Amino acid sequence: MTRRIREYTVADLEYLNTVNCVRMTNDDAVELGLFAVQVIKEWDLNLAVEVVLGGDVVFKAKLKDTNVDNDAWLAGKAAAAERFEEPSLLVKLRHRANGAPFEDRTDVDHEVVKAHGGSIPLRVDGEIVGTITMSGEPDAVDHEAAAEALARFLDSRGLPHKRRS
């Protein structure tokens, strides 16, 4: 099944900057990762997923033909989400909306920080404690799958969030 690639705007993604997980333990991170695997399988995607807490990889899975080549993308997208404190796709879209593509920045090591969709910061009490990141499909699909996994995780705890329309 071919998935339609959604076109996102800055406004579509800003809500993710207010999502609060209440807590995020290693067990919670694993559960979030398992929701991600569920989304990847249900949507028949070719994705790797990584959940990091405090710089420590707590959950990682590579489905279908994802491999070591995805590792730099996982790390780079997470670095963008952490540095700019918002989803990596939102970083990309904000730069594009301001007429200055992220790739044109000279103050960023583009081998280390990648403003491509797929990484979402995880917040507890408004503070970033980690990220969920996906890599392997077009970046909007990577983002959509990560956002869906996070939404399912929040739903399982009865926590508020906005679902994509």
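It should be emphasised that the depicted structure is a prediction, and the values quoted were computed from it without experimental measurement. Side-chain atoms are counted along with the backbone in the values below, which use heavy atoms only and exclude waters and symmetry mates.
Residues F35 and A149 share a closest heavy-atom pair of CB-O, 3.9 Å. The two residues A29 and F59 make their nearest non-hydrogen contact at O-CB, 4.1 Å. In plain terms, the two heavy atoms of S88 and G118 that are nearest each other are OG-N, 3.3 Å. Between L74 and A48, the closest heavy-atom pair is CD2-O, 3.8 Å. Heavy atoms only, all atoms of each residue included: C21 and L150 are closest at SG-CD1, 4.2 Å. Nearest heavy atom pair, residue A145 against residue L45, reads CB-CD1, 4.0 Å.
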- request: Under the ring pair (Phe, Tyr, Trp, His ring centres under 6.0 Å) rule, what do H110 and F102 come out as? Steps first, then yes or no, please.
  value: CA-CA 9 Å; H110 294 282; F102 185 82; 5.4 Å; yes
message: For a side-chain contact (heavy atoms from CB on, under 4.5 Å) check, start with the C-alpha distance between T25 and D28, then their side-chain angles and the critical distance, and finish with the verdict.
response: CA-CA 5 Å; T25 65; D28 295 323; 3.0 Å; yes
Pair V39-E144, side-chain contact (heavy atoms from CB on, under 4.5 Å): steps then yes or no: CA-CA 10 Å; V39 170; E144 185 175 18; over 6 Å; no
- request: Please report the C-alpha distance between E31 and R152 in whole Å, then the side-chain angles of each, then the deciding distance to 0.1 Å, and finally whether the side-chain contact (heavy atoms from CB on, under 4.5 Å) criterion is met.
  value: CA-CA 10 Å; E31 187 175 345; R152 291 181 186 190; over 6 Å; no
task: Check step by step if side-chain contact (heavy atoms from CB on, under 4.5 Å) holds for L90 and L16.
output: CA-CA 9 Å; L90 185 52; L16 287 165; over 6 Å; no
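Within the structure, salt bridge (Lys or Arg N to Asp or Glu O under 4.0 Å) pairs that include any residue of residues 69-84 comprise K60-D71, K62-D71, K77-D142, R83-D107 (at least two apart or interchain). Listed by first then second residue, pairs satisfying ring pair (Phe, Tyr, Trp, His ring centres under 6.0 Å) with a partner in residues 118-137 number zero, not counting sequence neighbours.
If you take CH2 on W73 and OG1 on T66, they are separated by 15.0 Å, rounding to the nearest 0.5 Å. Note: L122 CG to N20 CG = 10.5 Å, rounded to the nearest 0.5 Å.
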Please tabulate, for side-chain N and O atoms in residues 128-140, each donor-acceptor pair with protein atoms closer than 3.5 Å (sequence neighbours left out).
residue : atom : partner : partner atom : Å
T133    : OG1  : S119    : OG           : 2.8
S135    : OG   : N70     : ND2          : 3.2
E137    : OE2  : N46     : N            : 2.8
D139    : OD2  : K92     : NZ           : 2.9
D139    : OD2  : G117    : N            : 3.0

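More than 12 heavy-atom neighbours from other residues, nucleotides or ligands sit within 6.0 angstrom of CD on E42.
Between R94 and E14, at least one side-chain N (NZ, or NE/NH1/NH2) sits under 4.0 Å from a carboxylate O, which counts as a salt bridge.
Cluster membership for V30 and V57, using ILVMFWY side-chain heavy atoms within less than 4.5 angstrom, is not shared. Under a hydrophobic clustering in which Ile, Leu, Val, Met, Phe, Trp and Tyr are joined whenever their side-chain heavy atoms come within less than 4.5 Å, directly or via other members, L34 and W43 fall into the same cluster. Cluster annotation: L13 is not connected to F84 through the hydrophobic network of ILVMFWY side chains, with a link wherever side-chain heavy atoms come within less than 4.5 Å. In the hydrophobic clustering of ILVMFWY residues, with side-chain heavy atoms under 4.5 Å counting as a link, L53 and L154 come out together. Clustering ILVMFWY residues whenever any of their side-chain heavy atoms sit less than 4.5 angstrom apart, transitively, puts V108 in a cluster other than the one holding L93.
Distance alone, capped at 3.5 Å, places no donor-acceptor pair between the D56 side chain and the V58 backbone. Side-chain atoms of D12 come within 3.5 Å of backbone N or O of T9 as a donor-acceptor pair.
Counting heavy atoms from C-beta outward, T18 and R123 have side chains that stay 4.5 Å or more apart. Proximity of H143 to I120: side-chain heavy atoms (C-beta onward) are separated by under 4.5 Å at one or more points.
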